Amino acid sequence: MADLSTTYMGLQLRNPILAASSGLTNDIHDILELEKFGAGAIVLKSIFEEEIRIEMEKDMAQMNKATFLYPETMDFYDNFNQVDDELTKYLTLISDAKQKTSIPVVASINCVTAEKWPYYASILQDAGADALELNVFTLPTNFEAKAEETEKLYFDIVTEVKKHVNIPVSLKISFYSTNLGALIKKLSATGIRGLVLFNRYYNPDIDTDNFSVISSHVLSTPEELPLSLRWIAIMSHRVECDLAATTGIHSGKAVIKQLLAGASAVQIASVLYKKGKKYLEVMLKDISTWMDEKGYKTIDEFKGKVSQSAIHDPAAYERVQFMRYFAGKGV
Ligand SMILES: Cc1cc2nc3c(=O)[nH]c(=O)nc-3n(C[C@H](O)[C@H](O)[C@H](O)COP(=O)(O)O)c2cc1C
């Protein structure tokens, strides 16, 4: 019988499928179901940097500044009017998830600056989060900025957050980059424990009747798998941290492909929306069956077996032009 257990970012997982950060990981009942149907770990819905900042203002408004324990956070509170309890709810979700499940719980922060808020990452750690995923990306629309200036944000955020937490930290990034492989390699050497390739964002579409911008498909399709598959395969032997694959993973076979490319784990959301959380059981069964058929007892026995470094034709992952390849094949 195949053993699907593995490690990701130093966390012991019963299998490599994480429930990705989404609306399905924002509620304790959903989280309990995800655990029941087999998720290896849960990445909670991201809390937004903005929500943390609002909560900080609320804290400051409610307490005597002179007795505030953390002087490093005292220098910027000038607007106490907005009060929100998103951070409080998030902390409750973390501690509930920790108390009621036995799988690792990864907190997630959507961050766009490295300033002022990173101290609060330690509060997520104190609430019981086993790891922290930083969901970092804004579309670079300052066309005067150099690529390095845009990318510096990632490094600044990691540096600041790591000052405040000792749980494993991962970065969930975008594929929009001038020199993607070099960026991934440099990020992996910052002391983070995981890189998640690649987040899938809100995309625009155009309503041709109303001449307005609308939301494109929110959920992925299996056809979106190759982007992360290519980069996991190219980078898995070049990085100093674990890689997790996300986007377009809709079947057990797709999970196997990512593991063969060198991923340590995968994160799934769309397939759970489309087919229900119970579909996790089908995906896990398919992985187990495949491992049994191939004679693999553990994931380590085949992880990275079809990464770029392991195959006879490494150029296969770098081929981007069709040239004559499909000529006359009716594609
Ligand atoms: C409705 C929805 C909400 C999401 N919210 C978040 C989020 O808060 N933070 C985050 O890092 N990713 C978020 N994601 C992205 C997913 O975590 C995942 O990486 C992405 O959807 C690609 O995986 P998939 O193809 O399995 O959906 C969201 C995705 C969906 C569909």
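Read the numbers this way: they start at 1 and go in the same order the structure lists the ligands and their atoms. The shown structure was predicted, so the numbers you read here are calculated from the model rather than taken from an experiment.
A side-chain N or O of S102 and one of E35 form a donor-acceptor pair less than 3.5 Å apart. K303 and S264 form a side-chain donor-acceptor contact under 3.5 Å, judged by distance and modelled atom types alone. S228 and Q258 form a side-chain donor-acceptor contact under 3.5 Å, judged by distance and modelled atom types alone. Residues E115 and T113 have side chains that never bring a donor and an acceptor to within less than 3.5 angstrom of each other. A donor-acceptor contact closer than 3.5 angstrom is absent between the side chains of Q12 and S5.
Between H164 and Y119, the ring planes lie perpendicular to each other; the angle is over 60°, past the 30° to 60° tilted range.
Between F302 and W290, the gap from one ring centroid to the other is short of 6.0 Å.
For ligand 1, the atoms closer than 4.0 angstrom to any heavy atom of K45 are 3 (C), 4 (C), 5 (N), 6 (C), 7 (C), 8 (O). Heavy-atom proximity to I268, at under 4.0 Å, picks out these atoms of ligand 1: 26 (O). When each atom of ligand 1 is checked for a heavy atom of N199 under 4.0 Å away, the hits are 10 (C), 11 (O), 12 (N), 15 (C), 19 (O). Interface of L219 with ligand 1, defined as ligand atoms under 4.0 Å from a residue heavy atom, comprises 31 (C).
Using a 4.0 Å cut-off between heavy atoms, N135 contacts ligand 1 through its side chain alone, with no backbone atom that close. Residue contacts with ligand 1 for E224 are absent, since no atom lies close enough (heavy atoms, distance under 4.0 Å). At a 4.0 Å heavy-atom cut-off, ligand 1 does not touch V196 at all.
For atom 27 (O) of ligand 1, the closest non-hydrogen atom on the protein side is S270 OG, 2.5 Å. The nearest heavy-atom contact from the protein to atom 1 (C) of ligand 1 is Y273 OH, 3.4 Å. Residue, atom and distance of the protein heavy atom nearest to atom 26 (O) of ligand 1 are A269 N, 2.8 Å. In terms of protein heavy-atom proximity, atom 9 (N) of ligand 1 is closest to S46 OG, 2.6 Å. Nearest non-hydrogen protein atom to atom 12 (N) of ligand 1 is K172 NZ, 3.0 Å. For atom 28 (C) of ligand 1, the nearest protein heavy atom (residue, atom name, distance) is S21 O, 3.4 Å. Remark: minimum distance from atom 20 (C) of ligand 1 to any protein heavy atom is reached at R200 CB, 3.9 Å. Nearest protein heavy-atom contact of atom 23 (O) of ligand 1 is T246 OG1, 3.1 Å.
Contact check on K277 versus D30 returns a salt bridge, with a Lys/Arg side-chain nitrogen under 4.0 Å from an Asp/Glu carboxylate oxygen. Of the charged side-chain nitrogens involved, none lies within less than 4.0 Å of a carboxylate oxygen, so that K285 and D292 do not count as a salt-bridged pair. We find that K45 and D27 are not joined by a salt bridge, their nearest charged nitrogen and carboxylate oxygen being 4.0 Å or further apart. Salt-bridge formation is detected for the pair E281/K278: a Lys NZ or Arg NE/NH1/NH2 atom is positioned less than 4.0 Å from an Asp or Glu carboxylate oxygen.
Residue contacts with ligand 1: N110 is excluded, as none of its non-hydrogen atoms falls under 4.0 Å.
The heavy atom nearest to atom 24 (P) of ligand 1, considering only S220, A19, A20, is found in S220.
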